[in-house]
2 protein chains.
Amino acid sequence: MATVSIKDVAARAGVSPGTVSNVLNRPEKVAGDTRARVEAAIRELGFVRHGSASTLRAGHSRTIGLSVIDIGNPFFTDVAAGVEDMASERGYAVILGNSSGSRLKEERNLLVFAEQRVRGVLITPSDEDPGRLELLRERGIAVVLVDHPAERSSQCAVAVNDVTGGAMAVGHLLRGGAGRIGYVTGPAAIRQCQDRRRGAEQALAAAGRDPAELREIAMPAMTAKAGQQAAEKLLAEDTLPDALFCANDLLALGMLRGLLQAGVRVPDDVSLIGYDDIDFASASTVSLSSIRQPTYQLGRVATELLLDECDNPDTHAHQQIMFQPDLVVRESTR
Amino acid sequence: MATVSIKDVAARAGVSPGTVSNVLNRPEKVAGDTRARVEAAIRELGFVRHGSASTLRAGHSRTIGLSVIDIGNPFFTDVAAGVEDMASERGYAVILGNSSGSRLKEERNLLVFAEQRVRGVLITPSDEDPGRLELLRERGIAVVLVDHPAERSSQCAVAVNDVTGGAMAVGHLLRGGAGRIGYVTGPAAIRQCQDRRRGAEQALAAAGRDPAELREIAMPAMTAKAGQQAAEKLLAEDTLPDALFCANDLLALGMLRGLLQAGVRVPDDVSLIGYDDIDFASASTVSLSSIRQPTYQLGRVATELLLDECDNPDTHAHQQIMFQPDLVVRESTR
DNA sequence: TGGCCTGATTAAAACGTATCAATCACAATG
DNA sequence: CATTGTGATTGATACGTTTTAATCAGGCCA
């Protein structure tokens with residue numbers, strides 16, 4: 001219970017508190033034998049540094065904040081894993097904030113980050129308003145956008161090219177001989193949905209087809225359930241498209257189930273491709289073709305940029321990194 | 001950039017720093033008009049409380065630590081969601097630590113928690129050694145075990161009865177007329193796997209059968225890929241069991257795929273049931289029967305216990321809560 | 001009027017660390 | 001021998017808040 005402080009350690013080792021602090025923060029500055037004595041004292045007393053005192057005095061902490069839209073989505077889970085690994089390698093702790101798509105919760109999380117005086121924030125913004133990020137930056141908190149292109153060049157951002165991804169998906173469907181193509185998507189406000197659609201249209205145009213041919217089925221959510229509802233919607237019509245491009249794998253898995261249950265064969269009757277390449281894409285009964293994104297890497301690189309900005313504020317050059325997605329062909333497309 | 005402190009607010013509002021602190025922490029102690037003045041000053045200056053200074057002086061923080069085994073597993077994601085919601089309702093922030101099953105990483109995370117002087121820790125321990133938790137408790141950090149029964153009655157714990165769950169699953173298979181039953185499981189060291197097995201054996205005994213009949217197929221991991229490998233293993237033998245109980249849904253989904261690809265009909269040839277009832281269980285082509293656990297609730301209740309222990313250390317009574325799982329029957333069993 | 005109570009406010013002292021100028025011991029140099 | 005330099009250590013201060021005891025302004029009662 002008796003919380004042991006740096007002073008206790010100093011007394012035990014027969015040195016001043018300042019020396020103990022040096023052992024902790026710049027071990028190379030202190031002579032070998034004293035360092036050994038101090039380290040022994042630390043071990044014997046079970047001392048652990050008081051992070052808050054350290055933060056208070058130093059003016060900054062060894063934590064970063066990570067704000068994501070939906071921690072239940074495997075995409076963000078993978079990103080978070082990358083963030084955590086890199087942060088932990090560099091001695092930083094991660095405070096996780098889940099906004100669940102709610103702007104209110106996002107703001108509350110950012111407030112917590114500010115109170116904790118995090119060194120920096122990684123955020124996948126839930127909308128396009130840059131105001132609250134500006135507020136953080138004014139406070140000297142570095143910000144890196146994740147899976148979102150930068151609004152200006154004065155900040156770091158990492159993203160994956162969704163336009164390219166959309167083009168890859170539809171290009172693959174076209175090469176398979178698809179005639180009518182449907183695009184099953186989520187809310188129009190989501191940037192990723194728009195970009196993937198643009199890519200799809202580009203692929204049509206590149207094949208000498210009219211982009212307006214793309215038949216859009218928009219759903220209010222991007223879940224497996226929504227995907228199945230989309231299937232019911234499609235099946236109620238007289239003719240099915242030859243191929244379907246779903247804006248994410250959850251939609252695609254729901255769609256797959258809906259089609260198979262109705263006796264539609266995949267890929268013989270309809271080709272189907274998803275997006276994200278989540279684990280379950282390869283585990284479904286008809287394994288799902290998909291667009292793979294370097295999610296884990298996305299998290300790692302974003303964290304690296306953030307920590308570089310924190311640790312070397314003078315030499316740091318803001319970067320906007322755009323990864324490229326990959327096409328993964330499996331059984332659901334011909 | 002100019003970090004605005006409680007003093008600046010005090011000056012602006014024409015009061016002393018102590019009064020500002022009172023407005024922040026016990027608003028009822030300060031007269032209405034002064035409070036209004038202070039609140040206005042806070043808003044105008046954009047003041048946000050320095051969490052570290054507060055923690056340092058108060059001796060404890062408004063954060064809790066959550067240490068899980070695998071944040072990529074939907075089970076833990078749901079738990080984490082429950083934790084976060086409850087914590088945030090009570091004004092606490094959550095620091096997430098992912099041990100990935102590694103004892104080293106778990107210890108590193110606990111050290112971070114100790115440095116941050118978290119108010120308490122929620123942990124799903126990665127092994128049975130209680131030593132490191134004892135260490136935390138000596139430091140005055142409350143600990144609640146999650147999805148793990150308490151080792152003694154001097155601590156709180158929340159768990160779901162895995163023995164009952166195993167019995168439910170196999171009982172259901174037996175009622176469906178199953179003769180030979182297989183149990184597809186993960187590493188023997190995992191407590192959940194053992195408990196579910198025990199439940200399965202109990203169900204067999206209760207039906208007047210020999211528990212030793214249960215055919216065990218143990219895999220080194222509990223992933224969909226491992227499940228598919230288990231299917232290959234089974235198919236290489238001359239006869240298939242009538243029914244299979246998989247220790248989690250990922251194994252079951254992999255098994256399902258392996259069986260269907262080989263032309264085995266589910267549930268006509270083989271009944272199949274999983275465990276956890278993750279989202280994808282209902283979305284697979286043959287929807288999966290499973291055992292549902294109140295995961296989100298688990299997280300909420302664990303957090304509630306923890307915060308009660310923190311906020312009312314004198315009146316707090318340690319509790320060991322055991323939830324009961326539910327049987328969810330879908331298409332994969334007859 | 002003087003004494004006492006109540007409620008509101010303040011002044012000052014911590015909390016545990018990091019930092020920086022100052023000090024020290026001691027060797028090397030002129 | 002006096003001086004300078006070097007590397008190691010120390011002492012003192014400040015970080016921004018919470019908290020406790022002390023002060024203050026009125027109102028009430030005798």
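Quick note on labels: first sequence line is chain A, next is B, and so on, each numbered from 1.
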### Message
Does a side-chain N or O of Thr34(B) approach OP1 or OP2 of dT9(C) to a distance below 4.0 Å, or not?
### Response
yes
## Note on the structure
The answer to which of Asn22(B) and Val20(A) contacts DNA chain C further toward the 5' end, by nearest nucleotide, is Asn22(B)
### Query
What integer distance in Å separates His60(A):NE2 from dT17(C):C1'?
12 Å
### Task
Scan Arg26(B) against the nucleic acid and name what it touches under 4.0 Å (heavy atoms): base, sugar-phosphate only, or nothing.
sugar-phosphate
#### Entry: Interatomic distance where CD1 belongs to Ile6(B) and C1' belongs to dT18(D) [whole Å]
8 Å
### Task
Take the protein atom CG of Leu56(A) and the nucleotide atom C1' of dT13(D), then report the distance between them rounded to whole Å.
13 Å
### Task
Using atom CZ of Arg62(B) as one end and atom C1' of dT17(D) as the other, report the distance to the nearest whole Å.
15 Å
### Message
We want to know whether Arg108(B) and Ser88(A) form a side-chain donor-acceptor pair, criterion being a heavy-atom distance below 3.5 angstrom.
### Response
yes
### Query
dA21(D) P sits how many Å from Lys29(B) NZ, rounded?
14 Å
### Query
Are Arg90(B) and Asp308(B) within salt-bridge range, i.e. N to O under 4.0 Å?
no
### Task
Consider the side chain of Ala53(B), meaning its heavy atoms from C-beta on, and name the nucleotide among dT17(D), dT10(D), dT10(C) that approaches it most closely.
dT17(D)
### Task
Considering just the side-chain nitrogens and oxygens of Ser5(B), establish if one lies under 4.0 Å of OP1 or OP2 belonging to dG16(D).
no
### Query
Does dT10(C) have OP1 or OP2 sitting under 4.0 Å from an N or O in the side chain of Thr19(B)?
yes
### Task
Please report, rounded to the nearest Å, how far the P atom of dG16(C) is from the NE2 atom of His50(B).
17 Å
#### Entry: Which nucleotide in dT17(D), dT10(C), dT10(D) has an atom nearest any side-chain atom of Ser16(B)
dT10(C)
### Query
Has the side chain of Asp8(A) got a donor or acceptor atom that lies under 3.5 Å from a matching backbone atom of Ser5(A)?
yes
### Task
Could you tell me the separation between the CG atom of Leu24(A) and the C1' atom of dT19(C), rounded to a whole number of Å?
14 Å
### Message
Base of dT17(C), side chain of Arg57(A) - is there a donor-acceptor contact under 3.5 Å?
### Response
no
### Message
Applying a 4.0 Å non-hydrogen cut-off, can you work out what Ser21(A) is touching in the nucleic acid: base, sugar-phosphate, or nothing?
### Response
base
### Message
Under 4.0 Å between a side-chain nitrogen and a carboxylate oxygen: does that hold for Arg103(A) and Glu106(A)?
### Response
no
### Query
Hey, are the side chains of Cys310(A) and His316(A) touching, using non-hydrogen atoms and a 4.5 Å cut-off?
no
### Query
Rounded to the Å, how far apart are Arg117(A) CZ and dG16(D) C1'?
9 Å
